[in-house]
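One structure is given below, encoded as structure tokens.
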Amino acid sequence: MSETARKAPSVPDPNRWRALAFISIAQLMVILDATIVNIALPSAQQDLGISDGNRQWVITAYALAFGGLLLFGGRIADLWGRKRAFVIGLVGFGAASALGGAATNEAMMYSSRALQGVFGALLAPAALSLLSVTFTDAKERARAFGVYSAISGAGGAVGLILGGVLTEYLDWRWTFFVNIPFAAIAAAGAYFVISEPEGGRNRSPLDIPGVILSALGLVALVYGFTRAESDGWRDSTTLGLFVASAVLLLAFVITEAKVKAPLLPLRVVTERNRGGAFLSFGLANIAIYGLFLFLTYYLQIVKGYSPIKTGFAFLPLVVGTMIGATQIGTRLTPRVPARLLMGPGFLVAAAGMFLLTQLEVGSSYAGLLLPTLLIVGIGLGTAFMPAMSVATHGVESRDAGAASAMVNTSQQLGGAIGTALLNTIAASAMASYITDHIATAATKPQQQLVQLQGMVHGYANAAWVAVGIVAGAAVIALALINIGRPKADSSTGEGPEAQVPVIAH
């Protein structure tokens, strides 16, 4: 980067706050889609005649396409330009959602979900990289990332609420159709409002070997965890997928270290602050996706909540995340080092998850679940806001898409791992509990109670693991992230402490 570029940072875009609104709409749509379909799946399965064995593909088709192509999508955004990739991703995602809503058979459903994943993999990195290059002032960047982080953290819970409302009062198809107005508004707004700095594209030739190796490696990894959840960790296909993933991803790293124009420049992930942010963010997502899974089952199966009541039960998580990201994280980020927000934030979330280790069949919502969700939301919102900012700090404009793709990859892999790992732990603990206690249940009601107690016992055991994982995220954040206060560092834009990237023109 030239000395002139260091001393003459870009003039702030006058439309940047309106741009944030449309970027946020797009991000909300992508995050919603990760959970909104889960609520509608039983109804869709019945209408389309999908078997129990095949219904997982409604979720898996999206996860494989999205997770496998994120790095490729980030590179395309750097190559084509983030605005163009953003708009194309929105239009494609909206069209794929229309196909899903109009599905008349399972093939149409699977195809629509895979297409949603493809365009989501283009859209998500473009959105975050646009945010990164648009907001360079420390205080404004904190506010913008606060909004974005709140949406990213709370969007999954909002998806459960919206999915319950649409399924119960309209039809499962509206969980797809609802994406169309989101996509249309965000695309129109992006076309007319969003701009990006000049000279920020990476026009190097596309790294085809890197694309193939990363896509196959990530697909094998995500599918491996999906198989582990359904068929067990010792299943030969599951083990084969993990081995294949390790070989492919190792080959990918070796390739990226040698090629002139890598798909993922290793400098993006080897810098200690960004590496710490990617790792801690991914670990936290392992726990949060497990939390969604267990509490959804607990509320519907154990407590007998309807889908819509279950969705609204997650509102405290949404409120807590909004408070943590927009009030705590945004206000303190310009004043304190990122690690002193991320570490304590993750520890607060771990404390909230610790409450779930006390879960029982008769636990009250107000007495246990409400404070759990609120505390977890505040902790994660506080931590996620600086985590996303640090994950893209100091990145050259030409690498913004790759860094943004890594944030989304951390989230996607965290979700896949969390769902499989914590579900396996819960199922094992549940089976052991039932085996030990079923002999004392003489009547059918007593046997049903043992089944419920075993289920809850499994969730509580998994919660202990989730606590340890989030605490580990806190340790990593405190140990690896040494970035200074952005307000103090942003004046020069130099050195490892610079949180605000300087965009060269």
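Below, each value reflects all heavy atoms present in this structure, side chains not excepted, and no hydrogens, waters or symmetry copies. Note that the coordinates shown come from a computational prediction; the quantities given were computed from them, not determined experimentally.
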Practice item. For Met455, look at atom CE and say whether over 12 heavy atoms of other residues, nucleotides or ligands are found less than 6.0 Å away. Key: yes

Point to revise | Contact check, side chains of Asn273 and Leu480, non-hydrogen atoms, under 4.5 Å | key: no

Point to revise | Distance-minimising heavy-atom pair for Pro386 and Met342 | key: CG-CG, 3.6 Å

Review point. CG of Leu218 to CZ of Phe72: how many Å apart, nearest 0.5 Å?
Key: 13.5 Å

Revision key, fill the gap. Of all heavy-atom pairs linking Thr372 and Leu368, the shortest is OG1-O, 2.8 Å

Exercise for review: Please tell me if the side chains of Ile476 and Phe278 come closer than 4.5 Å, counting only heavy atoms from C-beta onward.
Suggested key: no

Review point. So do the side chains of Leu131 and Gln27 get within less than 4.5 Å of each other, counting heavy atoms only?
Key: no

Check your understanding: Given Leu369, which of Leu355, Leu317, Leu299 fulfils the side chain to side chain contact (heavy atoms under 4.5 Å, CB included) condition?
Key -> Leu299

Exercise for review: Mind telling me whether Phe176 and Trp172 have parallel, tilted or perpendicular rings, with 30° and 60° as the class edges?
Suggested key: perpendicular

Review point. Has the side chain of Arg331 got a donor or acceptor atom that lies under 3.5 Å from a matching backbone atom of Thr326?
Key: no

Study note, to complete from the structure: Residues Gly329 and Leu341: closest non-hydrogen pair is O-CD1, 4.0 Å

Revision key, fill the gap. Between the CG atom in Leu20 and the CD1 atom in Ile25, the distance rounded to the nearest 0.5 Å is 10.0 Å

**Study point:** Close side-chain approach of Leu283 and Ile286, heavy atoms under 4.5 Å
**Key:** yes

Check your understanding: Taking it one step at a time, do Ser280 and Phe346 satisfy side chain to side chain contact (heavy atoms under 4.5 Å, CB included)?
Key -> CA-CA 9 Å; Ser280 59; Phe346 285 134; 3.8 Å; yes

Practice item. Could you name each residue pair satisfying salt bridge (Lys or Arg N to Asp or Glu O under 4.0 Å) that touches residues 110-131, not counting sequence neighbours? Key: Asp33-Arg113

Point to revise | Ring center gap for Tyr169 and Trp174 short of 6.0 angstrom | key: no

Check your understanding: Is a side-chain N or O of Lys303 found less than 3.5 angstrom from the main chain of Tyr298, in a donor-acceptor match?
Key -> no

Practice item. Could you tell me whether the side chain of Arg274 and the main chain of Val268 form a donor-acceptor pair under 3.5 Å? Key: yes

Exercise for review: Please tell me if the side chains of Met430 and Gln451 come closer than 4.5 Å, counting only heavy atoms from C-beta onward.
Suggested key: yes

Practice item. Determine, step by step, whether Met29 and Leu123 satisfy the side chain to side chain contact (heavy atoms under 4.5 Å, CB included) criterion, reporting the C-alpha distance in whole Å, the side-chain angles of both residues, the deciding distance to 0.1 Å, and the verdict. Key: CA-CA 10 Å; Met29 180 185 70; Leu123 168 61; 3.7 Å; yes

Review point. So do Met406 and Leu70 actually touch side chain to side chain, heavy atoms under 4.5 Å?
Key: no

Exercise for review: Check for a donor-acceptor pair, side chain of Arg82 on one end and backbone N or O of Leu128 on the other, with a separation under 3.5 Å.
Suggested key: no

Point to revise | Side-chain touch Leu421/Trp233, heavy atoms, less than 4.5 angstrom | key: yes

Check your understanding: Do you know the tightest heavy-atom contact between Ala103 and Leu48?
Key -> O-CD2, 3.5 Å

**Study point:** Taking every non-hydrogen atom, the tightest pair across Ile23 and Phe86
**Key:** CA-CZ, 3.9 Å

Exercise for review: First locate atom CG of Asn461, then atom CZ of Phe294, and finally report the distance between them rounded to the nearest 0.5 Å.
Suggested key: 10.0 Å

Study note, to complete from the structure: To the nearest 0.5 Å, atom CZ of Phe119 lies from atom CG of Leu90 at 11.0 Å

Revision key, fill the gap. Smallest heavy-atom separation, Gly74 atom then Pro125 atom, equals CA-CB, 3.7 Å

Practice item. Mind running side chain to side chain contact (heavy atoms under 4.5 Å, CB included) on Leu295 and Tyr459 for me, showing each step along the way? Key: CA-CA 9 Å; Leu295 289 187; Tyr459 298 160; over 6 Å; no

**Study point:** Charged tip of Lys309 within 45° of Tyr305 ring normal and under 6.0 Å
**Key:** yes

Check your understanding: Is it the case that more than 12 heavy atoms not belonging to Gln358 sit under 6.0 Å from its CD atom?
Key -> yes

Review point. Sub-3.5 Å donor-acceptor pair from the side chain of Ser428 to the main-chain atoms of Ile425, do we have one?
Key: no

**Study point:** Aromatic Trp17 / basic Arg143 pairing, under 6.0 angstrom, 45° off normal
**Key:** yes

Review point. Between the main-chain N or O of Ile378 and the side-chain N or O of Thr382, is there a donor-acceptor pair closer than 3.5 Å?
Key: yes

Exercise for review: Report the C-alpha distance between Ile481 and Arg272 in whole Å, list the side-chain angles of each, state the deciding distance to 0.1 Å, and finish with yes or no for side chain to side chain contact (heavy atoms under 4.5 Å, CB included).
Suggested key: CA-CA 7 Å; Ile481 296 174; Arg272 64 178 294 168; over 6 Å; no

Exercise for review: Supply the atom-to-atom distance Thr321 OG1 to Phe314 CZ, rounded to the nearest 0.5 angstrom.
Suggested key: 11.5 Å

Exercise for review: Calculate, to the nearest 0.5 Å, the distance between atoms CH2 and OG1 belonging to Trp464 and Thr357 respectively.
Suggested key: 4.5 Å

Review point. Hey, does the side chain of Arg339 reach the backbone of Leu478 with a donor-acceptor pair shorter than 3.5 angstrom?
Key: no

Check your understanding: Side chains of Phe177 and Ser97: does their closest heavy-atom pair fall under 4.5 Å?
Key -> no

